[in-house]
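I have placed the structure first, in the form of structure tokens, so that the comments after it can refer back to it.
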Amino acid sequence: MPRFAFAPLSPGRILSPMFRYECTHWDGKARRGRLTTPHGEVDTPVFMPVGTAGSVKGVTPDQLRGAGVQMVLGNTYHLMLRPGAETVARLGGLHALMAWDGPILTDSGGYQVFSLAHLRTLSDDGVVFQSHVDGAEVRLTPERAVEIQRLLGADIIMQLDECPPAEAPRTAIADAVRRSALWARRCKAQAQTPCAERVHEARKPLILFGIQQGGVHADLRAESAAALVELDLPGYAIGGLGLGEGHDALCEVLDATDEQFPQDRPRYLMGIGEPRDILAAVLRGIDMFDCVLPTRNARNAQAFTWAGRMRLRNARWAEDPRPLDEQCDCYTCRHYSRGAIRHLFLAREMLGPTLVTLHNLRFFGSFMAAIRRAIADGDLPARARQWAEAFYHEDASP
Ligand SMILES: [Zn+2]
């Protein structure tokens, strides 16, 4: 496989009738490319904001587009409990519910079941848990996880996986690797089963990604990847990271990723959004990211900028007439001062969280676009060092 910039792999591997991944440039292991989905094209590496319950909190789809968002993630766990997958389907699917006509990826619900729900039983068959909404007992199997995502109508769906906590003993993580591989096989079989009911777009082929587990254990990660690759899936995700293992351990796991997964499939690092981690992951061959970081931190009055983070409740911004980031072209930076945004937060105006969300989404969009340009220029390692120094220097507030 050629490993230099401007090495087109044309015409792109057709991974399903409606899904394609094309890698257009390499810079070391870093890849720039394009995903073609039923709802449009996505330039990679890409960051997906999280639309937990059918909404990226506080912003409209027009605003998402304006901020440069290409693709969003929906949480199966939240949507299956409320309003329910069948209800979403009857409303025309998740695209209609969200009024978003761009690509959507849904997770399988596994991560939230293991982190949010009160778990009743876990077996090779699936999980039984108590809904955090109404206390009802819910059963989630690999087959049901696929059917829920089919009902939601996502462009990319994820296998059900078992995501043990970071502090779990090695034996528990090994068991999760074995069970997740078994579930990947069952999810693939279900995804290939034609849908009996006629629901919205139910006939479109399902694009299923597998999820690697294995914690920080190199041998378990390798075993997990091998089991998934054997299934020849359209894409592969790295799960079970960002759980407190730390940046260096994350990098060690990702050092092996490029060799573990085929070059012609997209790779998705789940739940990671810290800019330092994104840079490290892209340098190791990752193409897709999702995280609540830009949106959740915005609601807590924290803005991401090219010169570091700003805590907007801080008194130092009270009479600062400058925009959040003088390099930013977002709606917020074109119209509002730091002092004005600080005032909106202190006065508990709902516009405050919306404005900072718009800015943070724009920052992450610009950041990923800058990464893509650097890969095309063959200059990512040097620029990554400069950006990281600016983001994380000692007084990182501009
Ligand atoms: Zn801005």
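Counting convention: from 1, in listed order, for ligands and their atoms alike. The structure presented is a predicted model; accordingly, all values stated were derived computationally and were not measured.
A salt bridge (charged side-chain N to carboxylate O under 4.0 Å, His left out) check over residues 340-360, counting only residues at least two apart or in different chains, returns nothing. Counting only residues at least two apart or on different chains, the salt bridge (charged side-chain N to carboxylate O under 4.0 Å, His left out) pairs with a member in residues 94-122 are Arg65-Asp101, Arg120-Glu137.
Among residues two or more places apart in sequence or in another chain, the salt bridge (charged side-chain N to carboxylate O under 4.0 Å, His left out) test is passed with Asp124 by Arg178, Arg179.
Seen from the ring of Tyr21, Arg265 does not count as a face-on cation partner, given the 6.0 Å and 45° thresholds.
Aromatic ring pairs are classed by plane angle as parallel below 30°, tilted from 30° to 60° and perpendicular above 60°; the pair Phe304 and Phe364 is perpendicular.
For the pair Tyr336 (side chain) and Cys333 (backbone), a donor-acceptor distance under 3.5 Å is absent.
Protein contacts to the Zn ion (ligand 1) involving N, O or S atoms at a distance below 2.8 Å are Cys328 SG, Cys330 SG, Cys333 SG, His359 ND1.
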